Amino acid sequence: MDELKQASKRKASFLATAKAVFWSFLGIRKKSDYEQDAAQLNPLHVIIAGVIGALIFIATLIFIVKSVVAK
């Protein structure tokens, strides 16, 4: 439980978290960047950024499919 409290107090900004999640979606991450992120990112921010990224990805796919089918 103490580890969870420490993890939630990490200082990386939400923008830094969103950037890390974006690169992770692409699968392009250096091991050193991953290790640095693991030490600095707030797990709650990672979950929120991941959900937002997934929603944007799904909305983009729906838009592309609707555009192609409409023609």
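In this text the structure is predicted, and so the values were computed from the model without any measurement. Note: hydrogens, waters and symmetry copies are ignored here, and every other heavy atom, side chains too, is used.
Following chains of ILVMFWY side-chain contacts shorter than 4.5 Å, one can reach I56 starting from I48, so the two form part of one hydrophobic cluster. By the rule that hydrophobic residues join a cluster once side-chain heavy atoms approach within less than 4.5 Å of another member, V21 and L44 end up as members of separate clusters.
Contacts of L61 classified as side chain to side chain contact (heavy atoms under 4.5 Å, CB included), with partners at least two apart in sequence or in another chain: F57. With sequence neighbours left out, the side chain to side chain contact (heavy atoms under 4.5 Å, CB included) criterion links A20 to R29, D37, L41.
When side chains are defined from C-beta on, L55 counts as touching V51, because their heavy atoms get closer than 4.5 Å.
Shortest non-hydrogen contact noted between A49 and A18 is CB-CA, 4.2 Å.
Taking OG1 of T17 as the reference point, atom CD of Q40 lies at 9.5 Å (rounded to 0.5 Å).
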